[in-house]
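Here's the structure, in structure tokens; my notes come after.
Numbering of ligands and ligand atoms starts at 1, following listing order.
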Amino acid sequence: MDRPLIVGAGLSGAVVARILAEGGIASVVVDARDHIAGNCHTSIDDASGIMVHRYGPHIFHTDDEIVWDFVNTHARFVPYVNRVKATVQGQVYAMPINLHTINQFFGETMNPAQAEAFIRAKATLLDDPANFEEQAMAMVGREIYEGFFAGYTRKQWGVDPTSLPGSILKRLPLRFTYDDNYFNHRFQGMPEDGYTAMVASILDHDLIEVRLGETFEGQQPRPDAHVFYSGPLDQYFDYCAGQLGYRTLDFEELRSDDDYQGVAVMNYCDQDVPWTRITDHKYFSPWRLNQTSGSVVYREYARAWTPGDTRYYPIRLVDDKKRLNDYVELAEAAQGVTFLGRLGTYRYLDMDKTIAEAMVAGQGALSAFRRGDSPQSSYVSLSA
Ligand code: UDP
């Protein structure tokens with residue numbers, strides 16, 4: 001058997017390569033980009049010393065102890081709590097929606113029980129919210145929906161919230177306490193030396209060869225070499241069922257000698273502000289503040305992906321789902337290839353889920369190789 005070929009040096013590819021390597025199987029990892037770590041790539045800005053999240057902010061959070069242990073063996077994690085602010089109609093609020101947000105927005109001084117009753121009275125009772133807007137109406141009612149979610153979501157996704165799934169909103173907590181932690185997970189932190197260093201550590205093994213600047217299409221693996229593919233699913237099949245829709249992001253970089261906004265992330269929820277959020281990267285590594293100067297700031301704009309752009313968010317609207325089903329059938333019938341990761345399975349995956357699934361894929365493949373079998377074409381339900 002020739003060495004397996006792993007396409008993509010992001011989290012999925014790196015984790016699979018590591019698991020194979022620890023099981024004694026050598027692999028080659030290729031990535032079309034000139035760096036590892038995919039969209040969680042970080043690097044130090046020379047002028048300011050600031051650790052920049054080149055493809056937008058990535059904050060590690062998980063409930064999965066196995067994943068947390070794994071990342072902690074490859075990086076020293078510094079506790080970090082994501083506390084986001086949101087500007088709405090000239091006022092700054094705390095996100096996600098919590099007791100402070102509610103009291104400030106409605107000019108009240110309610111306690112938790114009062115606020116909960118107050119919001120419940122505003123929420124529309126719906127058994128089964130059919131879309132993002134209905135989900136928001138059922139969770140928080142019209143005022144908060146219009147203030148915090150409608151404009152931001154239109155900018156982020158480029159469609160009306162009535163055509164988006166409610167599951168997107170369910171990512172966010174709603175709290176009737178003053179806890180303004182953006183996530184509910186048990187473990188949360190940032191790798192001290194950045195995600196690129198963490199992925200470099202995962203890939204650092206004698207049985208792993210990494211080749212950057214090389215595309216999958218440019219490879220000529222032997223037919224018996226298994227492929228783990230974390231590139232775009234539709235591209236693998238030459239777009240034969242059409243293009244799957246993505247949102248891409250443009251980052252307008254601003255530099256300031258001063259403290260630009262005093263916080264890592266400021267969301268802009270009003271529709272007439274063209275960007276969705278502004279991030280000041282020095283605050284993603286607060287333990288480095290004494291080694292940096294000024295601010296490196298990204299204004300973030302979302303738009304439809306076109307060929308040549310970086311893919312960020314799978315859209316998964318009705319047409320995309322139809323196309324996805326076609327690709328899922330092709331993927332499940334494909335021999336000698338395992339599809340995984342955000343692009344390989346066309347799903348909105350957080351980093352911890354990506355790692356967890358890649359661990360399962362790697363371990364499954366290892367067992368199959370040891371039995372002399374071929375690994376499955378997919379380890380996760382592609383259509384989930
Ligand atoms: N969202 C919003 N206003 C905000 C923050 C989030 O309307 O201030 C909506 C938006 O549709 C977004 C979704 O909630 O896509 C999920 O937010 P999350 O922060 O999880 O998005 P991420 O950028 O991490 O994918």
[atom]: the protein heavy-atom neighbour that sits closest, reported with distance to 0.1 Å:
| atom | answer |
| --- | --- |
| atom 22 (P) of ligand 1 | Tyr348 OH, 3.2 Å |
| atom 18 (P) of ligand 1 | Tyr182 OH, 3.7 Å |
| atom 3 (N) of ligand 1 | Phe148 O, 3.0 Å |
| atom 1 (N) of ligand 1 | Tyr152 CD2, 3.6 Å |
| atom 24 (O) of ligand 1 | Arg171 NH2, 3.3 Å |
| atom 23 (O) of ligand 1 | Tyr313 OH, 3.0 Å |

Report yes if the distance between the aromatic ring centroids of [X] and [Y] is under 6.0 Å, otherwise no.
| X | Y | result |
| --- | --- | --- |
| Phe77 | Phe187 | no |
| Trp157 | Tyr313 | yes |
| Phe284 | His53 | yes |

Part of [X] within contact of ligand 1 (heavy atoms, under 4.0 Å):
| X | answer |
| --- | --- |
| Cys269 | side chain |
| Trp157 | side chain |
| Leu172 | side chain |
| Asn267 | side chain |

Worksheet item: Would you call Glu65 and Arg186 a salt bridge, taking side-chain N to carboxylate O under 4.0 Å as the test?
Response: yes
Just checking, is any N or O donor in the side chain of [X] or [Y] under 3.5 Å from an acceptor N or O on the other one?
| X | Y | result |
| --- | --- | --- |
| Gln188 | Asn181 | yes |
| Gln156 | Arg277 | no |
| Asp204 | Ser201 | no |

[X]: numbered ligand 1 atoms lying under 4.0 Å from its heavy atoms:
| X | answer |
| --- | --- |
| Met95 | 4 (C), 5 (C), 8 (O) |
| Gln156 | 15 (O) |
| Ile168 | 11 (O), 13 (C), 15 (O), 16 (C) |
| Phe132 | 11 (O) |

Item to complete: Decide whether the shortest distance between a heavy atom of Ala86 and an atom of ligand 1 is less than 4.0 Å.
Response: no
Item to complete: Only one of Tyr246, Phe339, Tyr327 passes ring pair (Phe, Tyr, Trp, His ring centres under 6.0 Å) with Tyr346; say which it is.
Response: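 Option passing the ring pair (Phe, Tyr, Trp, His ring centres under 6.0 Å) with Tyr346: Tyr246.
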Practice prompt. Kindly say whether Tyr268 contributes a backbone atom to a donor-acceptor pair with the side chain of Lys155 at under 3.5 angstrom?
Written response: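 Such a contact is found between Lys155 side chain and Tyr268 backbone.
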Worksheet, complete the sentence: Residue set satisfying side-chain contact (heavy atoms from CB on, under 4.5 Å) with Met137, at least two apart, ordered chain then number -> Thr124, Glu133, Arg142, Tyr145
Fill in: Thr153, any N or O under 3.5 Å of ligand 1 N or O
yes
